[in-house]
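This report concerns only the one structure given below.
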Amino acid sequence: MKKKTTFYFWQLLLICVVAFVLSGCGIATPTDTPTLQWQPMPTYDYYIPPSNMPGYTHYIPSESFTIHLEFDYPSYWWLQEHTGETGTPSIDLGDPRILALPTQAPGNFHPTPNDFGSVYIWIIPNVPGQSPDTELESHKLGYSEIPRIKVLGDYKIMIDGNESSVLEYQENDPETSPSLMFYRRTYFMVNGQVYEIIYSVADKDRGGEFDKGYDHFLNSLKIVP
């Protein structure tokens, strides 16, 4: 009887020790709820400097870049492909005078005020019920409540045979620009994802060289596999 009691004692002790170790090491059991932790992805940049050659440069995405667009842009512009930590790809294009601005300090989200023209292209992260029209209406509603922004209107255009939604507005913000700025946001679908093009230029420079370069860029856009 004594031997049997001793055996059950050590068996119970072993079960308690195993249970303690499992809980301390964080080993999952059927009742555990898994916790997903976001891990940043490697960033990627590819830069094409401005050229002194006249005319236009034809852009084809680099091999590791996942934007399904081709287009022409003025050769004197600069272009940069970028993939951020969330994996979202984007393209920056702009007036080369931007490159002469002071380098932004790390963590500074208020760059040097300027009114130079720029174009930004990106894929908007997917959400249920998303479309070019829902994105336009969301921005339109938000901007109508901001005093420094004046919504000018919205309309439809075609990009490579695809209907696209366009929102235009002005922004008067001396902290970011010495001039009244004109913005045009264009939304369209590519492979079930909403793409957005954000064009900005000083309102006083509309109809000028950068504005005409943007028109050529927009008319040349092609959606590719």
Side-chain angles (χ1 to χ4, degrees), residues 43-62 64-86 88-124 139 143 148-149 152 157 159 164 166-188 190 195-222:
T43 58
Y44 158 82
D45 287 288
Y46 175 67
Y47 174 69
I48 301 176
S51 169
N52 293 325
M53 298 294 292
Y56 298 89
T57 298
H58 183 68
Y59 168 77
I60 298 175
S62 59
S64 59
F65 200 61
T66 55
I67 275 186
H68 299 279
L69 298 175
E70 289 186 13
F71 52 82
D72 297 331
Y73 66 94
S75 297
Y76 77 92
W77 289 8
W78 56 272
L79 180 147
Q80 183 172 7
E81 295 177 341
H82 177 74
T83 302
E85 292 182 342
T86 61
T88 302
S90 62
I91 299 175
D92 285 296
L93 302 105
D95 188 315
R97 290 178 294 175
I98 292 176
L99 303 177
L101 294 174
T103 302
Q104 185 173 328
N108 176 19
F109 300 101
H110 300 282
T112 304
N114 72 89
D115 57 6
F116 304 139
S118 67
V119 179
Y120 179 72
I121 309 168
W122 75 306
I123 301 174
I124 301 176
H139 281 113
Y143 291 153
R148 68 175 183 273
I149 293 179
L152 301 175
I157 62 170
I159 293 180
S164 308
V166 182
L167 175 66
E168 295 185 346
Y169 58 95
Q170 294 171 327
E171 182 172 10
N172 186 13
D173 184 4
E175 291 188 5
T176 61
S177 173
S179 301
L180 175 68
M181 297 297 292
F182 169 80
Y183 286 87
R184 179 182 292 130
R185 303 180 84 115
T186 303
Y187 314 85
F188 55 101
V190 178
Y195 279 50
E196 181 181 22
I197 301 172
I198 305 172
Y199 170 62
S200 64
V201 70
D203 197 73
K204 62 181 176 60
D205 292 333
R206 295 196 57 195
E209 184 180 16
F210 195 86
D211 210 37
K212 292 175 181 177
Y214 172 78
D215 287 342
H216 186 96
F217 150 81
L218 191 67
N219 290 328
S220 72
L221 270 170
K222 299 294 180 185

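Remark: D115 pairs with S177, P178, S179, M181, A202, K204 by the side-chain contact (heavy atoms from CB on, under 4.5 Å) rule, at least two apart or across chains. Residues passing the ring-ring contact (aromatic ring centres under 6.0 Å, His included) test with F71, sequence neighbours excluded: Y59, F217.
Between I121 and L69, the closest side-chain pair of non-hydrogen atoms falls below 4.5 Å. D211 is not listed as a side-chain neighbour of F182, based on a closest heavy-atom distance of 4.5 Å or more. Residues W77 and V119 are in side-chain contact: their nearest non-hydrogen atoms beyond the backbone lie under 4.5 Å apart. Residues H68 and Y195 meet the side-chain proximity criterion, which asks for heavy atoms closer than 4.5 Å. Counting only heavy atoms from C-beta outward, the side chains of P113 and E175 never approach each other to under 4.5 Å. Residues F210 and Y76 are in side-chain contact: their nearest non-hydrogen atoms beyond the backbone lie under 4.5 Å apart.
One distance of note links CG of N172 with CZ of R148; it measures 10.0 Å at 0.5 Å rounding. Rounded to the nearest 0.5 angstrom, L221 CG and I157 CD1 are separated by 8.5 Å. From Q170, atom CD reaches atom CD1 of I149 across 11.0 Å, with rounding to the nearest 0.5 Å. Going from atom OH of Y187 over to atom CD of E196 covers 4.5 Å, rounded to the nearest 0.5 Å. S118 contributes atom OG, which lies 12.0 Å from atom CZ of R97 (distance to the nearest 0.5 angstrom). Separation of atoms CG (D215) and OH (Y199) is listed at 7.0 Å; rounding is to 0.5 Å.
When all heavy atoms of P74 and Y56 are compared, the closest pair comes out as N-CD2, 3.5 Å. Closest heavy-atom contact between G207 and K212: O-CE, 3.2 Å. When all heavy atoms of P50 and P96 are compared, the closest pair comes out as CG-CB, 4.2 Å. When every heavy atom of T186 is checked against every heavy atom of S164, the shortest pair comes out as CG2-CB, 4.1 Å. Scanning all heavy atoms of the two residues, the minimum distance from I123 to T66 falls at CD1-O, 3.9 Å. The shortest heavy-atom contact between D95 and W78 is O-NE1, 3.1 Å.
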Check the pair T57, I48 against side-chain contact (heavy atoms from CB on, under 4.5 Å), reporting the backbone distance first and the verdict last.
CA-CA 10 Å; T57 298; I48 301 176; 5.5 Å; no
Check against side-chain contact (heavy atoms from CB on, under 4.5 Å), N219 and D72:
CA-CA 9 Å; N219 290 328; D72 297 331; over 6 Å; no
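Not one N or O on the side chain of E81 forms a donor-acceptor pair closer than 3.5 Å with the backbone of F65. Under the 3.5 Å distance criterion, the side-chain polar atoms of D45 are left unmatched by any main-chain donor or acceptor of T43.
Y169 and H139 are not linked by any side-chain donor-acceptor pair at a separation below 3.5 angstrom, with hydrogens and angles left out of the test.
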